[in-house]
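Beneath this line is the structure, given in structure tokens, with notes to follow.
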Amino acid sequence: MRNLKEGGERRITPMSLNCRSATLTSKKILELKPKPPFNFDATVHKPSWFPSSDLYWEKGKHWQSLLFKEEVFGIKMENKGEVDQPKIRLTIYSRRKLPQPLIDKVIAELSFRFDFESDLLEFINRFRQDKLLGPVIKKWQGMQVICSGSLYESLVISIVLQNATVKRSVQMLENLLNAYGSRVCFDGKTLSAYWQPEVLHKVSEEDLRKLKVGYRAKFIKKISEAFTEREIDEEKLRSLPNENLKKELLKIYGVGPASVENLMFEIFRRYDFLETIPPWDQKILSRLLYNKELVPTRKILRDVDRRWGKWKRLTLHYLWEDLFWKRKHQSVPWLEKLIRL
DNA sequence: CATCAGGGCCCTG
DNA sequence: CAGGGCCCTGAT
């Protein structure tokens, strides 16, 4: 469960000093048809995430930068369909005219990251009548799990989330993007884009620490090194069964049980995997599931498994995002107290 | 001012 | 396998 967003659709403006910046003038427009049901807004926008300058959302529209195959793209998606008849108008912005094979690869990658092909019918049918989950499913059915970034980028996010409050995580990530990322301009937006892992591999730990990432500098450097040396193969990891995947992820320096939990769910979509509930999540789930202040994690884990089985982790996502969508429109006092900015 | 905990993880004993 | 140390920040 990656967290928190600090109010509204406010977006962080990338600092325009000291940075490489590119205007993406070439565009390719395509139409995509995700597997129904597909809820566009609930999929592309996660109110529980903290804001970052590489993404921008407004109702029916999603923009992001995309660093893929050593090239920076601008992605725009517009909702042109309905939950039962989904249709997305995708525009790929780039510096140059793109060859068709590359376009196909970009689409395939987006299709993975936005889960366009995932089938949720079993989940929906099975829990339509569930007292707690049923109403949430009716409201949000077709909400898919996304990782808008690559595994490397998701790892960096996991690292800045560790042992920090929202505000600090935001600060660390923005500092990194400003210092080592780039800016892309397309469709009237300027967004940050990530850096190649090699870039940080070469940077000294001391320089990284200047960005106020603290002891995490070492983690970020080692992870960047691992990707530079191609020690981590995202494609290969995707095909591993849960236990092996978990073992591989834990080998990554700086990744422990809490980060594994996020990665298993958001990046690898293992909806049946749930082993750890970190303290902050515990507080929120205690309220959501029991309307109590604090329920032991062991009990939560057992109950969730009994009730929702192999769909337990996806269930939590539905309940969680539903809560944060509510928070957009009305204040949820007990939640506000838990969100420390 | 000083102290401390925090949405972990590594490393040591 | 428990617990100390680590970075920064804001709360007390």
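Each chain gets a letter, A, B and so on, in the order its sequence line appears, and its residues count up from 1.
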- Is Lys76(A) salt-bridged to Glu78(A), going by a charged N under 4.0 Å from an acidic O? yes
- Note on the structure: A correct dot-bracket answer for DNA chain C, with pairs being Watson-Crick or G-U at under 3.5 Å, [ ] for crossing pairs and | for inter-strand pairs, is ||||||.|||||
- Is it true that Phe265(A) and Phe273(A) have ring centroids separated by less than 6.0 Å? no
- Task: Is it possible for you to check whether Arg269(A) lies under 6.0 Å from the centre of the six-membered ring of Phe112(A), through NZ or CZ, and within 45° of that ring's axis?
- Result: yes
- Starting at CG of Leu211(A) and ending at P of dT9(C), how long is that distance when rounded to a whole Å? 12 Å
- Message: Measuring only the P atom in each nucleotide, how far is dC1(B) from dC7(C)? A whole number of Å is fine.
- Response: 24 Å
- Query: Hey, does Ser169(A) reach any base, or is it just sugar-phosphate, or nothing, if we go heavy atoms under 4.0 Å?
  - Reply: nothing
- Query: Under 4.0 Å between a Lys/Arg side-chain N and an Asp/Glu carboxylate O for Asp322(A) and Lys139(A)?
  - Reply: yes
- Item | Between Glu174(A) and Ser53(A): side-chain donor-acceptor atoms closer than 3.5 Å | yes
- Item | Close side-chain approach of Glu234(A) and Ile267(A), heavy atoms under 4.5 Å | yes
- Task: Give a yes or no on whether a salt bridge exists between Glu71(A) and Arg96(A), defined as a side-chain N under 4.0 angstrom from a carboxylate O.
- Result: yes
- Between dT9(C) and Gln171(A), is there an OP1 or OP2 to side-chain N/O distance shorter than 4.0 Å? yes
For nucleotides 3-7 of chain C, list the nitrogen or oxygen atoms of the protein found under 3.5 Å from its nitrogen or oxygen atoms, one pair per line.
from   : atom 1 : to        : atom 2 : distance (Å)
dC7(C) : OP1    : Arg209(A) : NH1    : 3.4
dC7(C) : OP1    : Arg209(A) : NH2    : 2.3
dC7(C) : O5'    : Arg209(A) : NH1    : 2.6
dC7(C) : O5'    : Arg209(A) : NH2    : 3.3
dC7(C) : O4'    : Tyr215(A) : N      : 3.1
dC7(C) : O2     : Arg168(A) : NH1    : 2.7
dC7(C) : O2     : Arg168(A) : NH2    : 3.0
dC7(C) : O2     : Arg216(A) : NH1    : 3.2

- Report the residue (Ala164(A) or Phe219(A)) whose heavy-atom-nearest nucleotide on DNA chain B is the more 5′ of the two. Ala164(A)
- Do any side-chain nitrogens or oxygens of Lys167(A) fall under 4.0 Å of OP1 or OP2 in dT9(C)? no
- Do Lys59(A) and His45(A) have a side chain donor and acceptor closer than 3.5 Å? no
